[in-house]
Each structure stands twice: as C-alpha cells, then as structure tokens.
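What follows is one structure encoded as structure tokens, with my remarks underneath.
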Amino acid sequence: MTDETQKTQFFQTLNSVPNGKVVTYGQLADLSGMSKRARLVGRWLKELPEGSKLPWHRVINAQGKISFPEGSEQFFEQKERLALEGIVMHNGKIKLKEYQWQP
DNA sequence: GAGATGACCATTG
DNA sequence: GCAATGGCCATCT
C-alpha cells in the first residue's frame, strides 16, 4: 500500500463528486480510507495544476468556508466556480446542510 | 533528528 | 456562533 495508491483513490473519489455539491477535506479523506489525513488531502490539492479536470473547487473545510484567505485570487476563483454550479455563499459561508455531498 | 509548517478537524469556553 | 486549543500526519528546513 503506497501513498500513490491512496492518492489515486482520493482523486477518483474527488472526481465522482457531482455538480452542485461540495465535500469537506475530512470527508474526502474518510472516503479514501484515511480518516485522519485531512491535511494531506489539502496538500495534494495544492499540488494540482490549474488545468486539472478535477473539481477541486468543490472541496471546502468542515466549517463550510473556503480555505483560502479572503481576497486572494484562489479564493475568488473557487467562489466563482461554485457560483456557476449554483452554490452560493451566505455571509462568507456555504450551507453544508444543503450542498454537502452524501454518497 | 528536532522544530516549524500547512487549501484541516473536533472540542471547549 | 466565534475564537482559542490540542491533535493528526506528511513534508521541509
């Protein structure tokens, strides 16, 4: 069992997130078979190239917020992509109750 | 090998 | 509901 295997599993899970839904880091880690590795998930997402086909913008933290500093380019892009899928933010936060993916 | 860092999480006050 | 605290785990200096 290498970390590459887990990475593949993780990316596969991420790729199966439906349009209009979001997932948290911990949830993705759990679905990929690593319950306490949410930080590693964040690390992998950071490594992704911009042109990646993966829905990285559908990944938010457990507080229903985008994990980039507000005002940064990354923050803005993620917010924009989510808006295109019908996911809007209320007072800087997303309603996990409505938008969180439930496999 | 010790200490710091990070797209985090759960608990506590 | 929000901020502070401790915990987790891989990578970097």
Side-chain angles (χ1 to χ4, degrees):
Chain A
M1 172 72 81
T2 66
D3 54 335
E4 291 294 328
T5 305
Q6 304 240 297
K7 221 189 263 193
T8 301
Q9 176 70 48
F10 161 71
F11 284 133
Q12 204 168 5
T13 303
L14 175 58
N15 202 35
S16 62
V17 177
N19 185 298
K21 291 288 181 181
V22 296
V23 284
T24 66
Y25 294 87
Q27 186 179 3
L28 271 178
D30 199 26
L31 291 173
S32 302
M34 355 172 249
S35 54
K36 307 243 163 112
R37 270 151 242 199
R39 304 187 94 147
L40 190 54
V41 168
R43 187 184 227 306
W44 288 339
L45 289 180
K46 187 166 58 173
E47 301 268 326
L48 286 177
E50 292 187 2
S52 176
K53 308 291 186 298
L54 295 168
W56 58 268
H57 53 278
R58 292 181 192 147
V59 184
I60 60 179
N61 61 26
Q63 305 175 16
K65 299 195 288 194
I66 291 176
S67 299
F68 289 115
E70 188 174 353
S72 67
E73 288 296 324
Q74 298 261 32
F75 178 92
F76 213 70
E77 179 174 351
Q78 182 165 12
K79 184 182 161 199
E80 185 104 347
R81 284 179 181 244
L82 289 176
L84 289 178
E85 299 187 355
I87 301 172
V88 294
M89 299 182 61
H90 281 293
N91 197 12
K93 295 174 219 170
I94 293 173
K95 290 184 181 177
L96 285 177
K97 288 253 188 172
E98 288 190 20
Y99 299 115
Q100 186 170 27
W101 181 42
Q102 295 171 2

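None of the values given here were measured: they were computed from a predicted structure. Order of the sequence lines sets the chain letters (A, B, ...), proteins ahead of strands, with each chain counted from 1.
- Using a 4.0 Å heavy-atom cutoff across all strands shown, Arg39(A) reaches at least one base atom of the nucleic acid.
- Under the 3.5 Å distance criterion, with hydrogens and angles disregarded, no donor-acceptor pair is assigned to the side chains of His57(A) and Glu80(A).
- Using cut-offs of 30° and 60° on the angle between ring planes, the pair Phe10(A) and Trp44(A) is tilted.
- When distances are taken from the side chain of Trp56(A) to each of dC8(C), dC8(B), dA7(B), the shortest belongs to dA7(B).
- Between Glu47(A) atom CD and dC12(C) atom P there is a gap of 8 Å when expressed in whole angstrom units.
- Closest to the Ala62(A) side chain, of the nucleotides dC9(B), dC8(B), dA7(B), is dC9(B).
- Checking dC9(C), dA7(B), dC8(B) against every side-chain atom of Ala38(A), the shortest atom distance belongs to dC8(B).
- What separates NZ of Lys46(A) from P of dT11(C) is a distance of 12 Å, to the nearest Å.
- In this structure, Lys79(A) places its NZ atom 18 Å from C1' of dA7(B), rounding to the nearest Å.
- In this structure, CZ of Arg37(A) is placed 19 Å from P of dA7(B), rounded to the nearest angstrom.
- The OH atom of Tyr25(A) sits 19 Å away from the C1' atom of dG7(C) (whole-angstrom rounding).
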### Task
Show your working on salt bridge (Lys or Arg N to Asp or Glu O under 4.0 Å) between Arg81(A) and Glu77(A) and close with a plain yes or no.
CA-CA 6 Å; Arg81(A) 284 179 181 244; Glu77(A) 179 174 351; 3.1 Å; yes
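- The listed nucleotides are dC9(B), dA10(C), dC2(C); the one nearest the side chain of Lys93(A) is dC2(C).
- The closest side-chain donor-acceptor pair between Ser67(A) and Asn61(A) falls under 3.5 angstrom.
- Of all nucleotides listed (dG6(B), dA7(B), dT11(C)), dT11(C) comes nearest to the side chain of Arg43(A).
- Closest to the side chain of Lys36(A), out of dC9(C), dC8(B), dA7(B), is dC9(C).
- The nearest whole Å value for the distance from the CG atom in Leu31(A) to the P atom in dC9(B) is 13 Å.
- In this entry the distance linking CD of Gln63(A) with P of dC2(C) reads 9 Å, nearest Å.
- The CD atom of Gln74(A) sits 15 Å away from the C1' atom of dG6(B) (whole-angstrom rounding).
- dC8(C) and dG6(B) have their C1' atoms separated by 12 Å, given to the nearest Å.
- Residue Glu50(A) qualifies as open at atom CD: its count of foreign heavy atoms under 6.0 Å is 12 or below.
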